[in-house]
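Everything on this sheet refers to the single structure shown next.
Values reported hereafter were calculated over all heavy atoms of this structure, with side chains retained and with hydrogens, waters and symmetry mates removed. In this text the structure is predicted, and so the values were computed from the model without any measurement.
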Amino acid sequence: MHVNIYFRNQALSSIPYPSLPAFRLYCEEIGLQTLWDDKARAVHLIPALAGKRIFFVQRMPEDENPFDLFSELKLFLSDSGVELLKLHEKPNPPYAGDLYIQLDISVGAFDKPYLTLRHHPEDDHLIHCLIKGLHHSKIDCKAQNDLESVFPKHFIRIECKFPIQGEHQKSSYMEGMGIALTEGILGYFQKDLRISPLSFLPYSILNLFKTDSLHLVQKEKKQVERIEQPHNKPSVQLLQAESFFDYTVHATMKEDRPFMVIGKFTVKNTGNEVLSNPVLCLRATPAAGMKLQGQMVPPNMVERMSVQSTGGSKGWRYMEEDWLEKGLDKGEFWISPIQSMQIPPQGSESLNFQLTILRQEPSQTVKLEAFVYFQEHNLRFPAQNRIAFSF
């Protein structure tokens, strides 16, 4: 059974039902909000900054063509969930937003564009993030602290001195400002809310969990064609394979939270003969140092929880009935394909997994090692790398 994942009411992917708690924990860790729809058996992802409001007002000479910074900001903030609202005049208290940006533009005989950011004395952190984004885009600017507190907190007035130039230069500069200010705004919220920047990129996150049946069918078809296609075999039979981890670590700034690793373990046939039915062994040291989850299903739940294709159940399963007890006791997990698996020369198969790395005492190390075993040929190949955390 799989659970559908939705973003803004659009179905994006699905995950195995047993992975639902870990998936929601992962989303919470990086800052995404989740809403469980029990009736539809689906998870709705809510952007990290949903509910945040930014007000924008622009003032400039009436005889000038408008600078469209508002559209640039709205474009770059669209995936984050921030609501950007345009005002036609400076807002008056009481304020009902999280941030106010006022852009004052003067056009004249200046050598080059230049920005001055005026702000409340307590907004140094916000200004630091905005200045950092502007400098990253090589935009000249400076900050001016208003010691008399004329500006309310979270109210930023940007004074832009712009030379008399053509529309192309104006448009290009506004695009650069939009990118730079958005980088600063997101950086500010990211540090203030202690969330990961990944929460601003929901599509890239979901790709880690995406299941694509069509891709799997096409992959199987190409492998079968490669196996069945007649060719002149080399005179020397070479049975060889390599295996390795490919993973991403999602760290957390909270000391009481574990680290999370999303990755895959790949087995590649580097010989010239077909290899059949790889058996994987993943070994955690110490056994209680991490928790393993992923595509693997218990032996007694293969029919109910595995991925169903035209040829029947697919995926990976734990080989032993007491796999959980042995995993907790010895840290070893033995995993095999649900159906017969053939890996042609230069072909590969992968197991997707998720690790929760529990925090240890100082100077201790947690590691995950692996090897792959082909029983038919009595071959054993250790992984070329491992996952290790030192505390």
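- Classification of the Phe245-Phe265 ring pair by plane angle, with boundaries at 30° and 60°, yields tilted.
- More than 12 heavy atoms of other residues, nucleotides or ligands lie within 6.0 Å of NE2 in His44, so this atom counts as buried by the packing criterion.
- Contact of the Leu117 side chain with the Leu115 side chain is registered, since non-hydrogen atoms from C-beta on lie closer than 4.5 Å.
- A ring-centre distance under 6.0 Å is not found for Phe23 and Trp36.
- Legend: residues meeting side chain to side chain donor-acceptor pair (under 3.5 Å) with Glu83, ordered by chain and number and at least two apart, are absent.
- One finds the CD atom of Gln339 at 10.5 Å from the CG atom of Asn277 (value rounded to the nearest 0.5 Å).
- In terms of heavy-atom proximity, Met177 sits nearest to Leu69 at CE-CD2, 3.7 Å.
- Summarising the local packing, CD of Gln375 is surrounded by 12 or fewer heavy atoms from other residues, nucleotides or ligands at distances under 6.0 Å.
- Neither side chain, Thr270 nor Glu242, offers a donor N or O lying under 3.5 Å from an acceptor on the other.
- Interatomic distance, Met296 CE to Leu280 CG, rounded to the nearest 0.5 Å: 9.5 Å.
- Using modelled atom types, one side-chain atom of Asp98 and one backbone atom of Arg53 make a donor-acceptor pair closer than 3.5 Å.
- For the pair Arg380 and Phe371, the cation-pi test (distance below 6.0 Å, angle within 45°) is passed.
- Between Leu368 and Thr285, every side-chain heavy-atom pair lies at or beyond the 4.5 Å cut-off.
- You'll find the side chain of Val366 stays beyond 4.5 Å of the side chain of Leu358, heavy atoms only.
- Under the 6.0 Å cut-off for aromatic ring centres, Phe162 and Phe110 do not qualify, their centroids lying 6.0 Å or more apart.
- Using a 4.0 Å cut-off between charged side-chain N and carboxylate O, Arg59 and Asp104 make a salt bridge.
- Atom NE2 of His135 is surrounded by more than 12 heavy atoms from other residues, nucleotides or ligands within 6.0 Å.
- Residues Ile387 and Val261 form a side-chain contact, since some pair of their non-hydrogen atoms from C-beta on lies under 4.5 Å apart.
- The shortest non-hydrogen separation linking Arg317 to Pro337 is NE-O, 4.2 Å.
- Both Val3 and Tyr26 belong to a single network of hydrophobic side chains, linked directly or stepwise wherever heavy atoms of I, L, V, M, F, W or Y lie under 4.5 Å apart.
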Glu320 vs Trp334, side chain to side chain contact (heavy atoms under 4.5 Å, CB included): CA-CA, chis, key distance, verdict: CA-CA 7 Å; Glu320 301 166 304; Trp334 290 83; 3.9 Å; yes
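- Ile179 is not connected to Val82 by any chain of hydrophobic side-chain contacts under 4.5 Å among Ile, Leu, Val, Met, Phe, Trp and Tyr, and they are in different clusters.
- Judged by distance alone, with hydrogens and angles left aside, the side-chain atoms of His120 form a donor-acceptor pair with the main-chain N or O of Glu122 at under 3.5 Å.
- The shortest side-chain heavy-atom distance between Trp316 and Met341 falls under the 4.5 Å cut-off.
- Summarising the geometry of Asp140 relative to Pro113, their closest heavy-atom pair is CB-O, 4.3 Å, with the distance given to 0.1 Å.
- Geometric assessment of Lys86 against the ring of Phe56 yields a negative cation-pi assignment under the 6.0 Å and 45° thresholds.
- Ser137 OG to Leu181 CG: the interatomic distance, rounded to the nearest 0.5 Å, is 8.5 Å.
- Note that the CG atom of Leu99 and the CG atom of Leu130 stand 7.5 Å from one another [nearest 0.5 Å].
- A distance-only check finds no donor-acceptor pair linking the side chain of Ser19 to the backbone of Ile15 [under 3.5 Å].
- A single hydrophobic cluster is not seen to contain both Val279 and Ile343; linkage of ILVMFWY side chains at heavy-atom distances under 4.5 Å, directly or through other members, places them apart.
- With rounding to the nearest 0.5 angstrom, the CD atom of Glu349 is 11.0 Å from the NZ atom of Lys264.
- Leu355 is listed as a side-chain neighbour of Leu292, based on a closest heavy-atom distance under 4.5 Å.
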Worked check of side chain to side chain contact (heavy atoms under 4.5 Å, CB included) between Ser350 and Val267: CA-CA 6 Å; Ser350 297; Val267 179; over 6 Å; no
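- Side-chain atoms of Asn269 do not come within 3.5 Å of backbone N or O of Ala241 as any donor-acceptor pair.
- In this structure, CG on Leu87 lies 7.5 Å from OH on Tyr100, to the nearest 0.5 angstrom.
- In plain terms, the two heavy atoms of Ala22 and Gln293 that are nearest each other are CB-OE1, 2.9 Å.
- Looking only at distances, a side-chain donor or acceptor of Ser78 sits under 3.5 Å from a matching main-chain atom of Leu75.
- For Thr365 and Ser390, the side-chain atoms include at least one donor-acceptor pair closer than 3.5 Å.
- The closest side-chain donor-acceptor pair between Gln354 and Thr356, if any, does not fall under 3.5 angstrom.
- Asp37 places no side-chain N or O within 3.5 Å of a backbone atom of Ala42 that could act as its donor or acceptor partner.
- Counting heavy atoms from C-beta on, the side chains of Leu282 and Ile335 come closer than 4.5 Å.
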Steps toward ring pair (Phe, Tyr, Trp, His ring centres under 6.0 Å) verdict (Phe389, Phe259): CA-CA 9 Å; Phe389 277 72; Phe259 294 97; 5.5 Å; yes
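- At a cut-off of 3.5 Å, with distance as the only test, no side-chain donor of His119 or Gln144 sits close to an acceptor on the other residue.
- Looking at heavy atoms from C-beta onward, Ile357 lies out of side-chain contact with Val249 at the 4.5 angstrom threshold.
- Salt bridge present: Arg157 and Glu159 bring a charged side-chain N and a carboxylate O closer than 4.0 Å.
- The shortest non-hydrogen separation linking Pro47 to Gly81 is CB-CA, 3.5 Å.
- Side-chain rings of His125 and Tyr188 approach one another, their centers coming within less than 6.0 Å.
- Placement of Ile139 and Leu77 within a single hydrophobic cluster is found when ILVMFWY residues are connected by side-chain heavy-atom separations under 4.5 Å, directly or transitively.
- One hydrophobic cluster, built from ILVMFWY side chains closer than 4.5 Å, holds both Leu85 and Phe155.
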